[in-house]
Undergrad: 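Below are the structure tokens for one structure; questions will follow.
What you see below is based on every heavy atom in this structure, not just the backbone, and it leaves out hydrogens, waters and symmetry mates. Just follow the structure's listing: the first ligand is 1, and inside any ligand the first atom is 1.
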Amino acid sequence: MKTAHAQLEVHDRSQIDSDALKKLRAQLKGGLILPADPGYEAARRVYYWNPDTERGPALVARCANTDDVRYAVEFARRHGLEVAVRGGGYSHMGWGTSSGLVIDLAGLNRVTIDPNKHTGRVDAGLSSGEVMRLAGRYGLAPVLGECPGVGAAGLTLGGGLGWLSGLHGASCDNLLSARMVTADGRILSVDAESNPDLLWALRGAGANFGVTTSFECRLYSIGPVTLGNIFYPIREARPVLRLFRSLMAEAPDSFQAALNLTTGERGVFVRLCHAGEGAEAARLLRAFRTVATPAKDTVSRGEFAQLAGGVPTGGPDTSFRCVATVYRSELSDEVMDMVLDRFSEAPPETNIGIAHYMHGEVCRVASDSTAFPLRQSGGIHIRIGLDWKDSAEARRCMLWADEARKLLRPASGERIYANYQSYTGKGTAEAVFGSNYSRLVALKNKYDPTNFFRRNSNVEPRQA
Ligand SMILES: Cc1cc2nc3c(=O)[nH]c(=O)nc-3n(C[C@H](O)[C@H](O)[C@H](O)COP(=O)(O)OP(=O)(O)OC[C@H]3O[C@@H](n4cnc5c(N)ncnc54)[C@H](O)[C@@H]3O)c2cc1C
């Protein structure tokens with residue numbers, strides 16, 4: 001993360017000829033937003049809005065179909081504009097906005113569920129929660145993440161870890177096919193028969209190769225689940241953390257939990273989902289309910305689709321946010337001590353979460369069978385999130401988060417989960433893609449040799 005004093009990057013709009021703009025406006029079914037247009041302020045924002053992510057796009061192309069995306073890609077290429085592809089806008093790096101042209105996919109918003117084949121065809125503008133809710137009407141569930149607002153396509157293209165990953169792998173393991181627009185404006189169908197090399201790459205490094213406009217994924221029949229949150233006073237953080245570690249180390253594939261330390265209610269809470277029979281869930285719950293006296297307990301039996309929440313907001317509000325993330329190969333005593341120590345000095349409105357304890361099916365898939373390689377059992381993802389209302393707080397909050405990340409990162413061999421990448425620099429792409437990196441470079445050379453799509457966990461093309 002850079003300092004909180006980055007200059008706002010604004011494209012020199014005088015380079016764009018007005019006839020071309022008029023033509024683009026007429027072509028786009030979804031609409032075009034320019035800086036002087038109403039709605040521009042909202043259209044340029046992303047979820048993590050802070051001095052490092054803030055951009056003033058020259059144009060925001062609201063795309064309503066694949067042709068709109070193609071027009072936008074061609075326009076950006078002709079005018080040398082940096083492109084940002086925005087699904088849900090939840091990138092930790094703010095990659096969903098740009099000083100050039102934003103391809104906003106929110107208008108691509110249809111889902112078709114095939115209840116016989118147990119598949120869904122999902123447009124790229126849909127949030128995870130919307131897909132969960134619609135699949136739930138057929139008693140089916142997608143393998144998506146744990147936050148309903150996050151873009152379903154964006155999450156899947158970067159790997160995708162969620163409540164069902166122990167049972168059914170990462171989201172990208174369940175990606176069957178996709179439709180995409182490449183940097184040279186071609187519309188490609190990608191599946192196991194057509195462009196299988198791209199299918200492999202889309203499963204974890206997808207943002208690098210083009211704009212996915214829709215994708216097909218597997219769905220699963222999931223019966224009643226046990227789900228909810230258990231809150232404890234902050235003084236119980238250490239025993240709860242220890243219990244979390246020991247239960248997760250032996251967790252059945254059907255169980256996932258995330259632990260959060262939050263300054264808001266000054267407490268620790270566990271979010272959990274057990275997608276299996278009630279007796280096993282009861283055993284795990286008993287342990288969480290007796291390790292300390294819960295301050296609040298919302299866990300009950302319910303439907304998986306309840307995890308989609310109400311109507312996902314999917315959009316940013318007026319506050320500022322930043323996040324710094326660390327992947328650790330295990331939740332050691334040292335890591336626990338550091339997490340508790342950092343939390344004890346955290347600024348107001350801090351949340352430190354430990355999520356996606358790696359176990360089950362997602363770890364059984366070979367790390368080179370998709371572009372998403374981070375599949376070691378026992379791994380954990382730590383997220384240090386801060387929000388603030390007053391822009392003058394930005395520097396203090398962002399530096400604190402970044403320093404906490406640096407303290408928590410491993411002494412050597414740092415790995416990064418693409419979907420949680422929170423900084424860039426030398427070696428970050430290798431840290432994301434590990435031994436899959438060189439294969440991805442070869443594919444980048446083939447499909448995007450000019451690095452047109454670079455606001456992502458970027459694989460840089462290079463000469464062989
Ligand atoms: C609150 C929160 C909760 C989260 N929970 C989880 C979780 O449970 N599991 C998990 O695995 N991750 C989780 N994430 C991380 C999330 O998966 C990534 O941030 C993901 O990249 C967000 O996708 P998006 O479409 O919402 O974001 P965007 O910012 O719109 O896009 C993210 C990246 O993907 C690219 N992209 C998006 N859509 C497309 C497309 N259709 N074609 C090509 N490129 C595209 C963008 O260019 C950008 O590089 C969470 C993030 C947040 C902020």
Undergrad: With distance as the sole test, does H359 use its side chain to make a donor-acceptor pair with the main-chain N or O of F255 at under 3.5 Å?
TA: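 Yes, the answer is positive, given that a donor and an acceptor are paired below the 3.5 Å cut-off.
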
Undergrad: One pair to check against side-chain hydrogen bond (donor to acceptor under 3.5 Å, both in side chains): Y423 and H92. What are the steps and the verdict?
TA: CA-CA 9 Å; Y423 73 99; H92 291 20; over 6 Å; no

Undergrad: Counting heavy atoms not belonging to R364, are there more than 12 under 6.0 Å from its CZ?
TA: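 Yes, enclosed.
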
Undergrad: Would you please say whether a donor-acceptor pair under 3.5 Å links the side chains of N458 and N208?
TA: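 Yes, N208 and N458 have a side-chain donor paired with an acceptor closer than 3.5 Å.
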
Undergrad: Please list, by chain and number, the protein residues whose heavy atoms come under 4.0 Å of ligand 1.
TA: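 Those residues closer than 4.0 Å to ligand 1 by some heavy atom are Y47, Y48, V85, R86, G87, G88, G89, Y90, S91, H92, W95, G96, L105, A124, G145, E146, C147, V150, G151, A153, G154, L155, L157, G160, L161, A207, G210, V211, T212, H356, R383, Y417, N419, Y420, R455, N456.
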
Undergrad: So, the side chain of D114 versus the backbone of H118: is there a donor-acceptor pair under 3.5 Å, distance only?
TA: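 A pair under 3.5 Å: no.
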
Undergrad: Any pair with a residue in residues 172-219 that passes ring pair (Phe, Tyr, Trp, His ring centres under 6.0 Å), sequence neighbours left out, goes on the list, sorted by first then second residue, please.
TA: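 Matches after skipping sequence neighbours: none remain.
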
